[in-house]
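All chains are named by letter (A, B, ...) in the order of the sequence lines, taking the proteins before the strands, and each is independently numbered beginning at 1.
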Amino acid sequence: MERVSIEEAMSRLGEEVTIAGWVSRVRDIGNIKFILLRDITGEIQITLKPGEAEPSLWELKLGREDVISVTGKARASEIAHRGFEFIPERISVLNRSKQPLPLDVSGHVKAELETRLNYRFMDLRTPRTRAIFKIQHELLVAFRRFLTERGYIEIQPPCIISSASEGGAELFKIPYFEKEAYLAQSPQLYKQMCAISLEKVYTVVPVWRAEKFNTPTHLNEVRQMDVEQAFADDEDVMKVLEETLAYMLDNVKRRCSKEFDTLGRTIEVPHLPLRRISYGEAIELLRSSGEEIRWGDDFTKSQETRLTSLLGEEAFFIKDWPSTLKPFYAMPHQDNPELVHAFDLIYGGIEVSSGTQRIHHPELLISQLIKKGLDPESFTHYIECFSYGAPPHAGWSIGLERLTMAVTGMSNIRECCMFPRDRDRLVP
RNA sequence: GCCCUGGUAGUAUAGUCCGGUCCAGUAUGCUCGGCUGUCACCCGAGCGGUCCCGGGUUCAAAUCCCGGCCAGGGCGCCA
């Protein structure tokens with residue numbers, strides 16, 4: 001089948017071409033009939049007029065979402081709203097759609113998120129959902145391009161791991177021949193192993209958390225965009241992070257203007273450097289605004305939103321966290337070991353990224369593990385990496401779905417994951 | 001795991017507070033008919049509902065009560 005896109009057909013007026021797509025709508029006015037045909041590039045009106053169209057074409061009964069191919073010619077038309085119409089010679093039905101449809105693809109009749117997720121394949125035909133995932137795609141493309149151009153290489157960490165090597169989060173246990181294995185909660189160990197030899201690395205990987213959370217900002221399977229860099233401290237990688245974010249936002253702003261229109265949204269690329277406040281300052285700021293929060297508490301979602309408005313910043317860093325709130329491998333401050341070289345990036349009121357400078361000395365790592373109540377014995381492999389010339393290094397991780405939420409303005413993370421996995425949802 | 005709110009044709013929603021006039025209304029959809037330029041075409045007729053499931057109260061339950069399941073939100077958990 002020699003098929004051209006609808007977009008291309010509109011640039012080849014008067015030429016016989018074959019287009020194919022989904023029937024969005026049929027308007028039968030009596031002796032004249034319009035079929036609105038949609039493909040991924042756009043929509044065109046197919047016009048059937050007496051004297052112009054083969055009589056056999058009139059007998060075709062077409063329903064919404066039927067898939068057809070049409071051979072004919074596009075022409076400019078002042079009467080058609082889009083300025084073009086398509087005069088068919090032949091129409092063939094490639095596949096019929098059952099009726100009625102489980103949701104309105106045109107987006108005029110609302111459907112609940114649950115219904116949309118149950119019929120996600122079809123929800124992906126709605127302008128709104130398409131816009132979200134086009135934006136997500138452009139974020140990813142920009143992430144990879146920015147880092148690749150700066151000499152980072154993409155690494156491929158395993159997703160099946162041998163043990164809960166980092167403690168903390170609950171993992172999904174899976175059988176692995178005669179052993180037990182787990183789905184990775186993070187590529188942490190692997191990106192560090194790569195960075196201490198390859199210096200500048202990044203990865204995009206799915207990770208799994210077995211917590212039974214049930215919130216609009218958590219999923220049990222998410223995708224992380226990670227960077228790890230040798231000869232770098234927390235400040236160095238914060239700079240990389242803000243530059244990466246600005247690059248991604250600029251890219252998406254330029255390439256997705258149509259999609260942002262669809263979502264009724266405008267975005268601004270924040271000016272660099274982003275504001276940096278310490279954990280302690282954030283606590284003080286919240287307390288002075290009447291929030292009840294104590295040193296050592298983590299910020300709730302609403303407190304993160306509060307901070308965003310108190311600071312008047314769309315994006316900012318919170319750094320210098322208490323070691324109790326961050327993982328064991330976070331590098332403690334030399335002058336105050338209660339604080340670690342760790343940071344969170346808040347964007348659009350959502351924690352989209354966090355990172356740390358990592359401990360690269362085995363002895364310090366062991367003492368931090370003990371402080372956290374973890375057994376250094378079970379981290380032997382991890383600790384060993386730093387015994388053979390491991391440079392200082394640091395890194396961070398952006399949650400792809402979280403970032404997409406912030407950029408698209410969605411309030412439920414499930415909107416930003418094509419096939420979300422949560423406490424109750426395992427299909428489709 | 002806890003708290004709040006909800007579950008009504010394919011989809012979305014009204015009705016629930018204060019039980020009867022609701023054998024459930026509206027929009028959209030679907031089917032059929034009419035219409036020569038529509039733009040979510042229009043007009044007419046029709047179709048489509050175990051009112052989430054189970055139990056209870058009552059002469060009478062979509063409506064009140066109890067339990068369950070599911071959904072949305074808030075919390076907890078989330079190195």
Side-chain angles (χ1 to χ4, degrees), chain A residues 24-36 43-53 58 61 63-65 77-85 87 97-119 122-123 126-127 164-171 184-189 207-220 222 297-303 305 321 323-330 340 342 351 354-356 358-359 368-369 371-374 379 382 397 399 402 411-415 422-425:
Chain A
S24 288
R25 205 168 272 279
V26 178
R27 282 192 278 269
D28 186 347
I29 311 296
N31 241 333
I32 188 163
K33 203 176 198 174
F34 304 100
I35 301 162
L36 207 53
E43 258 181 345
I44 195 166
Q45 173 174 291
I46 294 163
T47 305
L48 269 67
K49 263 170 101 165
E52 255 185 2
W58 289 92
K61 293 268 179 196
R64 285 179 159 205
E65 297 306 300
S77 162
E78 284 182 12
I79 320 170
H81 260 198
R82 281 152 216 261
F84 297 98
E85 62 184 348
I87 309 304
S97 171
K98 262 182 17 182
Q99 304 289 343
L101 306 173
L103 51 88
D104 176 21
V105 173
S106 71
H108 290 112
V109 178
K110 277 182 302 187
E112 286 192 352
L113 182 57
E114 194 198 359
T115 308
R116 291 172 39 215
L117 291 177
N118 286 341
Y119 292 93
M122 201 148 206
D123 183 50
T126 66
S165 57
E166 294 162 44
E170 290 182 51
L171 307 191
Q185 87 205 80
S186 158
Q188 184 62 34
L189 167 56
V207 298
W208 296 269
R209 311 274 164 105
E211 266 79 25
K212 292 175 177 173
F213 29 54
N214 185 14
T215 87
T217 47
H218 290 85
L219 291 173
N220 293 290
V222 295
D297 289 346
D298 204 347
F299 305 106
T300 65
K301 213 185 324 167
S302 63
Q303 286 165 342
T305 312
W321 287 69
S323 85
T324 50
L325 289 177
K326 290 292 174 184
F328 68 87
Y329 51 73
V340 289
E351 181 196 325
S354 64
T356 57
R358 330 294 192 188
I359 297 173
Q368 288 298 103
L369 280 165
K371 260 195 199 165
K372 288 260 179 190
L374 297 164
F379 293 84
Y382 182 69
S397 171
R402 288 263 183 104
S411 52
N412 190 316
I413 196 165
R414 279 154 260 250
E415 297 271 10
D422 63 29
R423 181 76 184 88
D424 294 293
R425 182 176 288 278

Checklist outcome for this item: Considering only heavy side-chain atoms of R64(A), the closest of rC30(B), rA12(B), rA79(B) is rC30(B)
Next on the checklist: What contact category does I79(A) fall into here, base, sugar-phosphate, or nothing, at under 4.0 angstrom with non-hydrogen atoms?
Outcome noted: base
Item to check | Beyond-backbone contact of N118(A) with R425(A), side-chain heavy atoms, under 4.5 angstrom | outcome: yes
Next on the checklist: For the P atoms, the ones on rC23(B) and on rC66(B), what distance do you get once it is rounded to whole angstrom?
Outcome noted: 27 Å
Checklist entry - Taking atom P of rC39(B) as reference, at what distance in whole Å does atom CG of D28(A) sit? => result 14 Å
Checklist entry - If pairing requires Watson-Crick or G-U wobble contacts with both distances under 3.5 Å, which nucleotide is the partner of rA45(B)? => result rU31(B)
Item to check | Distance below 4.0 Å between R25(A) side-chain N/O and rG29(B) OP1 or OP2 | outcome: yes
Next on the checklist: OP1 or OP2 of rG74(B) versus the side-chain N and O atoms of K301(A): is any pair under 4.0 Å?
Outcome noted: yes
Checklist entry - Between rG73(B), rC78(B), rG37(B), which nucleotide has the shortest distance from any of its atoms to the side chain of E85(A)? => result rG37(B)
Checklist entry - When we call it a touch if two heavy atoms are under 4.0 Å apart, what does A80(A) touch: a base, just sugar-phosphate, or nothing? => result base
Item to check | Watson-Crick or G-U wobble mate for rC2(B), both contacts under 3.5 Å | outcome: rG74(B)
Checklist entry - Paired with rG54(B) by Watson-Crick or G-U wobble geometry, both distances under 3.5 Å: which nucleotide is it? => result rC66(B)
Checklist outcome for this item: For rU26(B), the nucleotide meeting Watson-Crick or G-U wobble distances (both under 3.5 Å) is rA12(B)
Item to check | Per K61(A) side chain, nearest of listed nucleotides rG33(B), rG37(B), rA71(B) | outcome: rG33(B)
Checklist entry - Which of the following nucleotides, rC78(B), rG73(B), rC70(B), is nearest to the side chain of F213(A)? => result rC78(B)
Checklist entry - With a 4.0 Å cut-off on heavy atoms, is R82(A) in touch with a base, just the backbone sugar-phosphate, or nothing at all? => result nothing
Item to check | Closest nucleotide among rG73(B), rG74(B), rA79(B) to the Q185(A) side chain | outcome: rA79(B)
Checklist entry - Do P327(A) and K372(A) have side-chain heavy atoms sitting under 4.5 Å apart? => result no
Next on the checklist: Side-chain N or O of N214(A) versus OP1/OP2 of rG73(B): is the shortest distance under 4.0 Å?
Outcome noted: no
Checklist entry - Is T215(A) near enough to rC78(B) that one of its side-chain N or O atoms lies under 4.0 angstrom from OP1 or OP2? => result no
Checklist entry - Mind checking what makes salt bridge (charged side-chain N to carboxylate O under 4.0 Å, His left out) contact with R25(A), not counting sequence neighbours? => result none
Item to check | F379(A)/Y329(A) aromatic ring centres below 6.0 Å | outcome: no
Next on the checklist: Heavy atoms from C-beta onward define the side chain here; which of rG74(B), rU38(B), rA40(B) lies closest to that of H108(A)?
Outcome noted: rA40(B)
Item to check | Selection from rG29(B), rC75(B), rC78(B) that lies nearest to any side-chain heavy atom of H218(A) | outcome: rC78(B)
